[in-house]
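Report on the structure given below.
Order of listing sets the numbers, starting from 1, for every ligand and every atom in it.
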Amino acid sequence: MKINRSLRVEIAAVALVLATALTACGGGDNPSALDNAKEGKLTVGIKFDQPGLGLRNTDGSYRGFDVEVAKYVAGKLGVKPDAITFKETPSAQRETMIENGQVDFIVATYSINDKRKEKVDFAGPYYVAGQDLLVRADNTDITGPDSLAGKKVCSVKGSTPAQNIEKNYPQAQLQTYDTYSLCIEAMRGGAIDAVTTDNVILAGYAAQSPGTFKLVNKTFTTEKYGIGLKKGDSELRGKVNDAIQAMIEDGSWRAAQEKNFAGTGFAVPAPPTIERN
Ligand code: GLU
């Protein structure tokens with residue numbers, strides 16, 4: 001069959017359109033974090049209401065140790081700070097938001113554990129915290145998790161501290177909200193007796209309202225903070241681990257804590273060992 005020139009051009013054009021559409025769909029997958037970084041942009045999940053860690057300022061900028069870790073890692077992936085879109089990733093939504101590709105990675109006081117590892121991968125740890133309790137400054141009867149029987153204790157849905165209270169301290173009256181700042185406001189108003197989550201998060205709230213709250217200061221778990229990533233992207237995980245290592249070695253890791261944890265009484269600990277296996 002003889003195909004004229006214009007028809008041949010048309011067939012080629014249709015083939016090109018189909019090929020492009022197929023690549024774009026890629027079987028329904030979003031572009032990978034490294035693809036996005038190559039384009040010079042990244043979407044990073046953080047918390048918006050945790051002073052010292054991940055906080056949205058009134059002018060729409062962000063500050064905190066997690067924010068600085070996110071910016072450092074993005075920089076090592078070739079992305080400038082102003083090309084990062086920060087997205088709020090509440091505790092209960094983190095795995096889903098990574099799986100759906102709504103974020104390229106998450107730096108949000110996100111503890112590494114086996115259950116979460118079924119759905120996502122972690123780089124790090126880049127910090128080690130521990131579960132503690134925050135109470136009103138005049139409280140004298142809550143001295144640790146064993147004194148929570150009958151007390152109204154607030155934590156966040158989908159967080160490891162909430163799961164720990166539910167499982168191991170069932171005499172406590174656990175209330176779960178979407179964010180820790182809601183727990184803090186409830187305790188300020190007297191509706192809650194204690195807020196529980198990681199010590200470093202609670203210390204940030206205490207520093208924000210001097211004389212109002214106090215940290216019980218008796219940690220009862222180990223919370224290793226990892227950077228949450230799409231499961232199976234070992235190239236990304238290796239690069240993010242390299243970035244955390246570089247941040248520790250060049251002094252930025254220490255400086256970011258000194259700046260963001262000032263006023264909490266938290267000293268900079270020895271850096272954690274990154275888990276590469
Ligand atoms: N690190 C704990 C967790 O990942 C508590 C802090 C949080 O909810 O972000 O669940």
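Nearest non-hydrogen protein atom to atom 2 (C) of ligand 1 is T160 OG1, 3.2 Å.
Those atoms of ligand 1 that come under 4.0 Å of a heavy atom in A108, given as number and element, are 9 (O). Residue S159 approaches ligand 1 through these ligand atoms, each under 4.0 Å from one of its heavy atoms: 8 (O), 10 (O). Near I201, the atoms of ligand 1 lying under 4.0 angstrom from a non-hydrogen atom of the residue are 6 (C). In summary, the atoms of ligand 1 found under 4.0 Å from a heavy atom of S91, numbered by their order in the structure, are 7 (C), 8 (O), 9 (O). When each atom of ligand 1 is checked for a heavy atom of T197 under 4.0 Å away, the hits are 5 (C), 6 (C). Every atom of ligand 1 with a heavy atom of K47 under 4.0 Å away is listed here by number and element: 7 (C), 8 (O), 9 (O). Every atom of ligand 1 with a heavy atom of T109 under 4.0 Å away is listed here by number and element: 1 (N), 2 (C), 3 (C), 4 (O), 6 (C), 7 (C), 9 (O).
Proximity of N113 to ligand 1 is not established, as no heavy-atom distance is less than 4.0 Å. Close to ligand 1: R116, with a non-hydrogen atom less than 4.0 angstrom away.
K231 has no carboxylate O lying under 4.0 Å from a charged side-chain N of E99, or vice versa, which leaves the two without a salt bridge. Under a 4.0 Å N-O distance rule, the pair K41/D82 does not qualify as a salt bridge.
In this structure, a donor-acceptor pair under 3.5 Å is absent between the side chains of Q131 and T160. E223 and T221 share a side-chain donor-acceptor pair at under 3.5 Å. Using modelled atom types, one finds no donor on one side chain facing an acceptor on the other under 3.5 Å when comparing Y169 with D146.
For the side-chain contact (heavy atoms from CB on, under 4.5 Å) with F86, the lone residue among T43, I46, V103, L42 that qualifies is I46.
Polar contact with ligand 1: absent for Y225 (N/O pair, distance under 3.5 Å). Polar contact check, D198 against ligand 1: a nitrogen or oxygen pair lies under 3.5 Å apart. Ligand 1 has no nitrogen or oxygen under 3.5 angstrom from a nitrogen or oxygen of Q50.
In terms of heavy-atom proximity, M187 sits nearest to R136 at O-NH1, 2.8 Å.
The option from Y127, Y180, Y110 that lies nearest to atom 7 (C) of ligand 1, judged by heavy atoms, is Y180.
Note: F266 and F261 have perpendicular aromatic rings, judged against thresholds of 30 and 60 degrees for the angle between ring planes.
Remark: D35 pairs with no residue by the salt bridge (charged side-chain N to carboxylate O under 4.0 Å, His left out) rule, at least two apart or across chains.
Taking the six-membered ring where the residue is Trp, the centroids of Y110 and F122 are separated by under 6.0 Å.
Neither the backbone nor the side chain of V156 has a heavy atom within less than 4.0 Å of ligand 1. Counting heavy atoms under 4.0 Å from ligand 1, residue R94 touches it through the side chain alone.
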